[in-house]
Amino acid sequence: MYYPIIHQCSQALKTIEVWLDKAEQHAGAKKFDVGVLMTSRLAPDMREFIYQIQSACDYVKGAAAWLSGQTPPRHADTEKMVDELRVRIRKTVAFAESVSEAQYDGAADRKVSWGGKTIGGEDYLLRIAIPNIYFHLTTAYAILRHNGIDIGKKDFLGPIRWVNA
C-alpha cells in the first residue's frame, strides 16, 4: 500500500503545481486576476477549483494517516490564492512522504472509520481514497481546461518513470 499512497498519490498532487504555473501564466497573458480561476466551477451546483484541490489533499493525507495507524493532520480550508494552495499541497505531500513504508505494515487489515461506518484498509484505499483523489483532481483539471488553460494529458499524468527495454 506504500507505493499507491506515497508515490502515486503524492506525485499526483505535485503535478498540480505545474497546472497552477500555467494558470498564472494564462491569467497574466490575458490580463485577469488568477483568483477568478480559483473560484471557478464547471456547473452552478459543483464546488469550485480551490475545494477540489483541498479535497484531493485531504484524501491523500487521510489515506497516509489512517492506513499507517495515525490521525491525519488538520488543515483549515482557508486557501483563497494560488500561493496558499501551493502551501497546502506541499504540507500534504510532506506529511504523506514522512510516513515510512514500515508504518504501513498491516494496512490492508486496518479498520478505517469513514462517513460513520467502518471499512477495511484495502477497501478504503481502493474504493474510497484513490477514486476520490482522482475524482477531485480530474474535476480541478477540467475546470482549468474549461477556462482555457493550456494543460493536457501529460500535465495530468506528470513525470513517468520509464525503464530501458
Side-chain angles (χ1 to χ4, degrees), residues 1-68 72-99 112 114-115 123-163:
M1 292 195 158
Y2 179 80
Y3 179 84
I5 298 166
I6 301 306
H7 184 73
Q8 181 184 359
C9 295
S10 292
Q11 185 59 50
L13 289 181
K14 290 176 185 178
T15 64
I16 298 168
E17 296 230 31
V18 172
W19 307 355
L20 295 174
D21 290 343
K22 291 188 175 192
E24 288 178 315
Q25 291 165 5
H26 180 77
K30 299 290 183 179
K31 301 194 184 332
F32 68 86
D33 181 3
V34 72
V36 170
L37 297 172
M38 301 300 102
T39 58
S40 292
R41 58 185 79 216
L42 291 175
D45 64 344
M46 290 181 73
R47 298 295 302 264
E48 67 282 356
F49 179 83
I50 287 175
Y51 174 85
Q52 304 303 330
I53 303 305
Q54 291 167 336
S55 294
C57 287
D58 288 348
Y59 279 103
V60 170
K61 73 180 178 178
W66 298 128
L67 295 173
S68 65
R74 292 198 177 268
H75 296 147
D77 294 334
T78 57
E79 296 84 9
K80 301 282 184 227
M81 302 304 296
V82 171
D83 288 342
E84 294 169 332
L85 277 182
R86 288 182 194 280
V87 170
R88 172 75 169 253
I89 292 163
R90 291 172 186 163
K91 285 192 304 190
T92 302
V93 169
F95 171 73
E97 290 179 344
S98 76
V99 180
V112 177
W114 192 80
D123 283 335
Y124 170 75
L125 177 64
L126 299 176
R127 308 292 259 148
I128 294 174
I130 290 175
N132 274 287
I133 291 163
Y134 283 98
F135 171 83
H136 291 292
L137 290 177
T138 301
T139 303
Y141 172 90
I143 289 169
L144 294 180
R145 286 291 299 135
H146 175 76
N147 281 284
I149 309 307
D150 186 21
I151 53 176
K153 186 188 286 187
K154 288 182 182 180
D155 297 305
F156 186 87
L157 296 176
I160 297 173
R161 296 184 319 185
W162 298 104
V163 297

Testing the basics here: between [X] and [Y], what is the closest heavy-atom pair and its distance to 0.1 Å?
| X | Y | result |
| --- | --- | --- |
| Trp19 | Ala140 | CZ3-CB, 4.2 Å |
| Ala64 | Phe95 | CB-CE2, 3.9 Å |
| Ile133 | Cys9 | CD1-SG, 3.7 Å |

Partner set under side chain to side chain donor-acceptor pair (under 3.5 Å) for [X], not counting sequence neighbours:
| X | value |
| --- | --- |
| Tyr134 | Gln8 |
| Thr92 | none |
| His146 | none |

Give a yes or no on whether the backbone of [Y] and the side-chain of [X] come within a donor-acceptor separation of less than 3.5 Å.
| X | Y | value |
| --- | --- | --- |
| Thr15 | Ala12 | yes |
| Ser68 | Ala65 | yes |
| Glu84 | Lys80 | yes |

Subject >> Working for side-chain contact (heavy atoms from CB on, under 4.5 Å), residues Leu67 and Val112 >> reply: CA-CA 8 Å; Leu67 295 173; Val112 177; 4.1 Å; yes
Original post:
With sequence neighbours left out, what residues match Ala56 under side-chain contact (heavy atoms from CB on, under 4.5 Å)?
Top reply: Leu13, His136, Leu137
Quiz: residues 149-161 side-chain donor-acceptor pairs under 3.5 angstrom, not counting sequence neighbours:
| unit_1 | atom_1 | unit_2 | atom_2 | d |
| --- | --- | --- | --- | --- |
| Asp155 | OD1 | Lys22 | NZ | 3.2 |
| Asp155 | OD2 | Lys22 | NZ | 3.2 |
| Asp155 | OD2 | Gly152 | N | 2.8 |

**OP:** Using side chain to side chain contact (heavy atoms under 4.5 Å, CB included) as the criterion, point out the one residue from Ile89, Val93, Asp77, Leu85 that pairs with Cys57.
**Re:** Ile89
**OP:** Please name the residue in the list Leu144, Asn147, Leu42, Thr139 that meets the side chain to side chain contact (heavy atoms under 4.5 Å, CB included) test with Phe49.
**Re:** Leu144
Original post:
In Å and rounded to the nearest 0.5 Å, what is the OH to CD1 distance from Tyr124 to Ile130?
Top reply: 10.5 Å
Subject >> Pairs satisfying salt bridge (Lys or Arg N to Asp or Glu O under 4.0 Å), at least one member in residues 12-21, at least two apart >> reply: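 Matches after skipping sequence neighbours: Lys14-Glu97, Glu17-Arg86, Glu17-Arg90, Asp21-Arg86.
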Original post:
Tell me the salt bridge (Lys or Arg N to Asp or Glu O under 4.0 Å) pairs involving residues 45-61, sequence neighbours left out?
Top reply: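 Only Arg41-Glu48, Asp58-Lys61, Asp58-Arg88 qualify under salt bridge (Lys or Arg N to Asp or Glu O under 4.0 Å).
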Subject >> Partner residues of His75 under the ring pair (Phe, Tyr, Trp, His ring centres under 6.0 Å) criterion, sequence neighbours left out >> reply: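 With neighbours one apart ignored, the set is empty.
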For a quick test of your reading: what N or O donor-acceptor pairs under 3.5 Å do the side chains of residues 25-40 make, sequence neighbours left out?
| unit_1 | atom_1 | unit_2 | atom_2 | d |
| --- | --- | --- | --- | --- |
| Asp33 | OD1 | Gly35 | N | 2.9 |
| Thr39 | OG1 | Val36 | O | 3.3 |
| Ser40 | OG | Val36 | O | 2.8 |

